[in-house]
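Below is one structure, written out as C-alpha cells, with a few remarks after it.
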Amino acid sequence: MMAFNEQQKTKIISLKPFTDSKFVYRRERWTYLNADFKNLIQDFEDKEITRQHVIDAYKEYYADTSNGFMKAFLLTMVWGFADTGYGTHRTNKYITDNDNISKIKAALDFIQQDRQDSLKNAFKKLKEIKGLGVSYLTKILYFATRSKYANDYALIFDIRVAAALVKLTTPKEIYEIVNVGPSSKFTDYQKFNSLIHILAKDNQVEADQIEMYLFNQDFD
C-alpha cells in the first residue's frame, strides 16, 4: 500500500478540488464548438469552470432529466481539455454523432440507476465511443458519480495520475526511463478507485483530494 509522509499529508489536506481545480473557458479556443449545443454553456464564456460547476450541471440533469445532459457533458469536456487547442475538434466528434449521444445518455442513465453493476456498464458504454479514452471517460464518471454519491464515487484516472502513482512508489532511476498511462480495463479502474478510497479513509481525507494531489505532482 502506498504511504504519504507528513509533508505530503499536509499538502493533500489543504487541497480544495471543488473550487481550486478549475480552468477558464476561453471563447476563442472553442469558437467552432457545435452550434446546436454551444448556447448551453454560453454563460461560462471567458470565465472559470470549477469542478463544482460541472458537478452542479450533473445534479441538474439527475434532478430533472428533461433538462438534458449535454450541458454537463460539454462542461466536462471544456474543463478537461482546457487550453489544449484540440478540445473543440474532439468534442465535436463526440457530439455530432447521434449514436455517440445515445451512448453518453445510456452511460449516465446507468449511474442514475445506482445498481451494483452501474459503474461497470457506464464505463463500457462510454468506451464504445471512438476516440474517448480512459482519461476523459473517467472524467465523465467522476462528475456523474460525485453528483450522486457521497461515498465511493468514481475518480479521474488520467495519464498524470497514473504517472504519479509510479513516481511515488518507484525509484527515480526507474521512473525516469518509462512511460506510464492508465489501463483501459474496467477491472483495473476498479482497483484504482478502491486504492484511492482506501488511502483517503486511512488518511482521513477525501478521495478526490488525493486524486488532485496525484495530478498536480507537487511531491517535493
Side-chain angles (χ1 to χ4, degrees), residues 15-23 37 40-41 43-44 49-81 91 94-95 100-129 132-158 161 182 184-201 203-215:
L15 293 175
K16 300 175 182 178
F18 281 13
T19 55
D20 293 347
S21 182
K22 57 191 176 183
F23 298 97
F37 305 111
L40 295 174
I41 57 172
D43 290 345
F44 293 91
I49 296 176
T50 66
R51 292 195 188 201
Q52 186 66 66
H53 288 132
V54 187
I55 290 168
D56 287 345
Y58 281 92
K59 285 183 176 180
E60 289 174 10
Y61 172 66
Y62 284 131
D64 182 359
T65 55
S66 67
N67 291 323
F69 63 86
M70 193 57 72
K71 175 183 176 182
F73 178 79
L74 291 180
L75 288 178
T76 304
M77 295 298 106
V78 171
W79 180 88
F81 283 113
T91 302
Y94 306 144
I95 62 178
N100 285 344
I101 291 175
S102 295
K103 288 173 181 175
I104 296 166
K105 183 180 186 304
L108 297 183
D109 288 348
F110 280 131
I111 299 300
Q112 174 79 305
Q113 292 166 9
D114 191 15
R115 296 175 180 169
Q116 187 174 0
D117 59 354
S118 286
L119 184 63
K120 179 180 180 179
N121 290 335
F123 182 98
K124 290 188 172 182
K125 184 58 65 175
L126 290 172
K127 198 176 176 184
E128 293 176 7
I129 299 174
L132 185 66
V134 170
S135 291
Y136 281 85
L137 75 83
T138 59
K139 288 178 176 63
I140 298 169
L141 295 176
Y142 164 71
F143 286 118
T145 58
R146 198 65 168 104
S147 75
K148 290 284 295 178
Y149 315 138
N151 302 305
D152 297 327
Y153 48 86
L155 293 158
I156 299 171
F157 193 26
D158 65 14
V161 171
S184 61
K185 297 178 181 179
F186 177 73
T187 53
D188 292 335
Y189 182 53
Q190 274 187 312
K191 293 174 184 176
F192 165 73
N193 282 324
S194 177
L195 169 67
I196 303 304
H197 276 284
I198 290 171
L199 286 171
K201 185 176 181 179
N203 290 277
Q204 297 183 316
V205 296
E206 279 291 343
D208 49 8
Q209 286 180 294
I210 294 179
E211 174 257 299
M212 184 178 174
Y213 176 71
L214 295 172
F215 178 86

In terms of heavy-atom contacts, I156 and S135 come closest through CG2-O, 4.3 Å
Ion pair R51/E206, N-O distance below 4.0 Å = no
- Distance-only donor-acceptor check, side chains Q52 and D56, under 3.5 Å: yes
Within the distance-only criterion (no hydrogens, no angle test), does the side chain of Y153 pair as donor or acceptor with the backbone N or O of D208 below 3.5 angstrom?
-> yes
task: Verify, without hydrogens or angle tests, whether Y213 (side chain) and L15 (backbone) share a donor-acceptor contact under 3.5 angstrom.
output: no
Original post:
NZ of K148: more than 12 outside heavy atoms within 6.0 angstrom?
Top reply: yes
Fill in: Derivation and outcome, ring pair (Phe, Tyr, Trp, His ring centres under 6.0 Å), residues F81 and Y136
CA-CA 9 Å; F81 283 113; Y136 281 85; 4.2 Å; yes
Note: L126 and I104 closest approach over all heavy atoms is CD2-CA, 4.2 Å
What one should report as the nearest heavy-atom pair of I55 and S147 is O-CB, 3.6 Å
Start with the C-alpha distance between F73 and Y94, add both sets of side-chain angles, then the distance that settles side-chain contact (heavy atoms from CB on, under 4.5 Å), and finish with yes or no. CA-CA 10 Å; F73 178 79; Y94 306 144; 4.0 Å; yes
Tightest non-hydrogen contact, residues M212 and P17, listed as SD-CA, 3.5 Å
Closest heavy-atom pair, V161 versus E211, reported as atoms and distance to 0.1 Å, is CG2-O, 3.9 Å
task = Indicate yes or no for a side-chain donor-acceptor contact from D188 to the backbone of K185 under 3.5 Å, with no hydrogens or angles considered.
result = no
Residues pairing under side chain to side chain donor-acceptor pair (under 3.5 Å) where one sits in residues 116-129, two or more places apart or in two chains, turn out to be D117-N121
Backbone N/O of A154 and side chain of T145: donor-acceptor pair under 3.5 Å: yes
* Using modelled atom types only, decide if a donor and an acceptor are shared between the side chain of T138 and the backbone of L141 within a distance under 3.5 Å. => no
(Q) Please verify the inter-ring angle class for Y189 with F157; under 30° counts as parallel, over 60° as perpendicular, anything in between as tilted. (A) parallel
On a heavy-atom basis, the closest approach of F44 and I49 is CD2-CG1, 3.9 Å
OH of Y61 to CZ of F69, rounded to nearest 0.5 Å, is 6.5 Å
query = Any sub-3.5 Å donor-acceptor pair from N203's side-chain atoms to V205's backbone N or O?
reply = no
S194 and H197 side chains, donor-acceptor separation under 3.5 Å = no
What do the steps show when you test D114 against Y149 for side-chain contact (heavy atoms from CB on, under 4.5 Å), and what is the final call? CA-CA 9 Å; D114 191 15; Y149 315 138; 3.4 Å; yes
| query | Where does the angle between the aromatic ring planes of F143 and Y58 fall among parallel (under 30°), tilted (30 to 60°) and perpendicular (over 60°)? | reply | parallel
